[in-house]
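As structure tokens, the structure follows; a few thoughts come after it.
Order of listing sets the numbers, starting from 1, for every ligand and every atom in it. Side chains included, hydrogens not; waters and symmetry mates left out as well; all remaining heavy atoms used.
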Amino acid sequence: MTDQTAASSRPVISIVAPVYNEEAILHELYKRVSETMETLGEPWELVLINDGSWDRSYEIMLELHEQDSRVHIVNFSRNFGHQIAITAGMDYAQGQAVVIIDADLQDPPSVILDMVAKWKEGYEVVYAVRAQRKGETKFKLWTAKLFYRLINKITGVNIPLDTGDFRLLDRKAVDALRRIREHHRFMRGLSVWIGFKQTGVEYVREERFAGETKYPLSKMLRFAMDGITSFSYLPLQFATYIGFIIAGLSVLGIILTIILRLSGSHAFEGQATTLVMVLFLGGIQLISLGVIGEYLGRIYDEVKNRPLYIVNEAVGFEQRDAGPTHP
Ligand code: UDP
Ligand code: MG
């Protein structure tokens, strides 16, 4: 269907979409991406990462690849998670610019045109800012808002508000990100951390085209913890702060109790006070241990130094000059 020249020449723009059980969406995704890219007129490729889907997603991907050799597939051996899938997409993408996009069409492919325009102006990272979000629950909107304000307060990186992973990255930015091989990856933070000239384009985040969100609350919480722990030590320092506050308060308490005793008052007698204080401190100590555990577990994951993902098949990358490397 497509001309051979497009297939053999190196793509200028790579569109990377992570896919986890999106059989109802893939045809439409291909249609919209190819329509958009045709208007642009640059050679392109669509890199689909199959993140361990157990529906027909992979078969549909293979069909799309048969139809159009610009569709390339990285098939994971199991589900490794959204952020890892994006990373694999960047490892395999060959374009001079790489666009990360959700497969569910919440990020409209037409926005890529605005991103490419900014890229051609000389920006190396062009992130998409959600001017409006359709079809999201109040809870998700509220928690997301709270989370990004919190993370910007407590971490050194300033993640632009209301952005997700939908963004265009210049080859230089992609290569910089590829050098970061940490396991608990928070890509939207890392893509700020790398620096370079950055700008945003606004867009309306649509409703999911079909299917259900693949981010239940538990995954969202883990994602949030990864974001905080990979950019901030503040939770670890909490124990120190609370320790100082409580130690200070207890000195005051000791002085107060002595004064009350000397003046003949019996206000602080009884076990209830002691019990409550012991439980309170026990609680704080357990929370502090848990916080240390969060960091320790992540350190352990890094030390094990396992590969970030295992690829079962990579389809359509035969013509690469070099395979994906893990710098
Ligand atoms: N996704 C993935 N692996 C996962 C979970 C999600 O590759 O373990 C993909 C999913 O197919 C979609 C994108 O990540 O293309 C964003 O997921 P989703 O739309 O479910 O998240 P939401 O938009 O609800 O936050
Ligand atoms: Mg979505």
At a cut-off of 2.8 Å, list the protein N/O/S atoms near the Mg ion (ligand 2), residue plus atom name.
-> Asp104 OD2, Gln106 OE1

Looking at residues at least two apart in the chain, or sitting in another chain, which of them share a side-chain hydrogen bond (donor to acceptor under 3.5 Å, both in side chains) with Arg56?
-> Glu63

Arg298, Arg188, Lys219 screened by salt bridge (Lys or Arg N to Asp or Glu O under 4.0 Å) with Asp226, the one that passes = Arg298

Could you tell me whether ligand 1 has any atom less than 4.0 Å away from a heavy atom of Lys219?
-> yes

Do the non-hydrogen side-chain atoms of Ile112 and Met37 ever get within less than 4.5 Å of each other?
-> yes

Top protein contact for atom 24 (O) of ligand 1, by heavy-atom distance | Thr213 OG1, 2.6 Å

Have Asp91 and Tyr309 got a donor and an acceptor in their side chains that come within less than 3.5 Å?
-> yes

Which residue holds the protein heavy atom closest to atom 11 (O) of ligand 1, what is that atom called, and what is the gap in Å?
-> Glu22 OE2, 2.6 Å

Starting from atom 25 (O) of ligand 1, which protein heavy atom do you reach first, and at what distance in Å?
-> Lys140 NZ, 2.8 Å

Provide the number and element of each atom of ligand 1 under 4.0 Å from a heavy atom of Val19.
-> 7 (O), 11 (O)

Distance from atom 23 (O) of ligand 1 to nearest protein heavy atom, with residue and atom = Gln106 OE1, 2.6 Å

Distance from atom 19 (O) of ligand 1 to nearest protein heavy atom, with residue and atom | Asp104 OD2, 2.5 Å

Say whether Glu207 and ligand 1 are in contact under the criterion: heavy-atom distance to a ligand atom below 4.0 Å.
-> no

